[in-house]
A.B. asks: 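Sharing a structure here in structure tokens format.
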Amino acid sequence: MSATLWPHRARRRARLGAAGGAFVVAALAAIGWRGPAEGSERHVVEIVGFAFRPAALRVRAGDTVVWINRDVVPHTATGSPAAWDSGELGRGESWSFVPAAPGEFAYVCAFHPSMQGKLVVR
Amino acid sequence: MRVQGRSRILVLAAVATVATAWAPGSAPGQEAQALDDAEIAAIVVAANSIDVRQGELARDRAVDERVKQFAQTMITDHTAVNESAGELVARLGVTPRPSEVSRGLEASAEEARKALLAKSGAEFDRAYIAHEVEYHRSVLAAIDELLIPNAKNAELRQTLVSVRPAIEAHLRHAESLQRDLGAS
């Protein structure tokens with residue numbers, strides 16, 4: 001399950017500059033990457049006030065889900081059980097991945113277990 | 001538990017002292033302010049620094065891995081909140097000023113630290129977590145009843161409001177650990 005759940009997992013810093021972003025896109029284009037699959041959507045989960053917002057998110061397989069930490073303290077978005085893990089997200093940092101397999105996935109902040117979220121992939 | 005109970009009583013006593021300082025018939029937070037923003041800033045810094053120090057003690061002394069991790073989270077989070085508070089007071093041009101409340105917090109923390117140092121092993125773990133439960137309850141009470149009602153600057157008040165969920169999450173975490181340790 002975990003192997004197919006995050007095939008395009010990519011940690012990305014929110015503070016990546018515009019020039020850096022352009023460079024990455026150019027580099028990906030050079031190796032034949034065409035960007036997200038057509039029709040796929042980008043969803044954002046904000047981590048703010050020690051909560052995932054929205055706490056439950058429905059997406060389609062192939063969509064991109066981005067977690068952004070708006071708090072001043074570090075958080076994580078960690079599958080529970082630990083099928084996937086953002087690693088530590090500091091203030092202002094983000095992490096994204098593209099779930100490939102349908103299912104319901106509960107997740108928590110590894111540092112703050114009272115923070116709980118759910119990702120439903122159709 | 002004796003010391004932790006005293007810590008809570010001290011903060012609540014400070015809340016009561018401040019409450020009685022308001023003029024009769026006045027609504028809390030509207031007039032006759034008992035704490036100014038510089039004193040509130042010092043209380044915020046003291047409250048965070050205290051829990052960083054207790055966390056450092058527990059990180060080195062605790063035996064249970066979950067307690068060690070909790071202690072590390074307290075160090076990380078309270079350091080981050082203090083850095084953020086430091087940025088705010090620098091921007092506002094406020095110099096934190098000690099008050100009876102911040103001095104009382106420091107004195108109470110020192111007493112709690114001595115009590116913790118007298119313990120070891122699983123007994124230390126339980127005492128530290130019991131302290132953290134009590135401490136975060138006290139801080140929540142102080143935020144609600146003392147700090148937010150007294151804060152004049154809107155940004156300072158907003159910072160206090162935004163810190164509240166952190167304290168609440170820490171409290172839930174500590175209560176959950178307390179149940180686990182009690183059962184083990």
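Note that these values count all heavy atoms, side chains included, but never hydrogens, waters or copies made by symmetry. Below, read A as the first sequence line, B as the second, and so on, with proteins coming before strands; counting in each chain starts at 1.
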A.B. asks: Applying a strict under-4.5 Å side-chain criterion to I, L, V, M, F, W and Y, I'd like to know whether I40(B) and L140(B) cluster together.
C.D. replies: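 Cluster IDs for I40(B) and L140(B) match.
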A.B. asks: Which residues satisfy the side-chain contact (heavy atoms from CB on, under 4.5 Å) test with A71(B), sequence neighbours excluded?
C.D. replies: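 Result, side-chain contact (heavy atoms from CB on, under 4.5 Å) vs A71(B): A58(B), R59(B), Y128(B).
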A.B. asks: In terms of hydrophobic clusters joined by side-chain contacts under 4.5 Å, are I148(B) and L156(B) together?
C.D. replies: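 Yes, same cluster.
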A.B. asks: Are L57(A) and F50(A) connected into the same hydrophobic cluster when the rule is that any two of I, L, V, M, F, W, Y join if their side-chain heavy atoms are below 4.5 Å apart?
C.D. replies: yes
A.B. asks: For R53(A), is the CZ atom crowded, meaning more than 12 foreign heavy atoms sit under 6.0 Å from it?
C.D. replies: yes
A.B. asks: Say whether V52(B) and Y135(B) are linked into one hydrophobic cluster, either directly or through other cluster members, by side-chain heavy-atom distances under 4.5 angstrom.
C.D. replies: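 V52(B) does not cluster with Y135(B).
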A.B. asks: Is there a path of hydrophobic side-chain contacts, each under 4.5 Å between heavy atoms of I/L/V/M/F/W/Y residues, joining V101(B) to V45(B)?
C.D. replies: no
A.B. asks: Please name the pair of heavy atoms, one in V73(A) and one in A80(B), separated by the smallest distance, quoted to 0.1 Å.
C.D. replies: CG1-CB, 3.9 Å
A.B. asks: Counting only non-hydrogen atoms closer than 4.5 Å, can you tell me which residues of residues 83-96 of chain B sit against chain A?
C.D. replies: S84(B), E87(B)
A.B. asks: Among residues 159-177 of chain B, which ones touch chain A with a heavy-atom distance under 4.5 Å?
C.D. replies: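 The stretch touches chain A at P165(B), A166(B), A169(B), H170(B), R172(B), H173(B).
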A.B. asks: Identify each donor-acceptor pair in which a side-chain atom of residues 108-122 of chain A lies under 3.5 Å from a protein atom, sequence neighbours left out, and give them as a table.
C.D. replies:
residue	atom	partner	partner atom	Å
H112(A)	ND1	H75(A)	ND1	3.1
H112(A)	NE2	D77(B)	OD2	2.5
Q116(A)	NE2	P113(A)	O	3.4

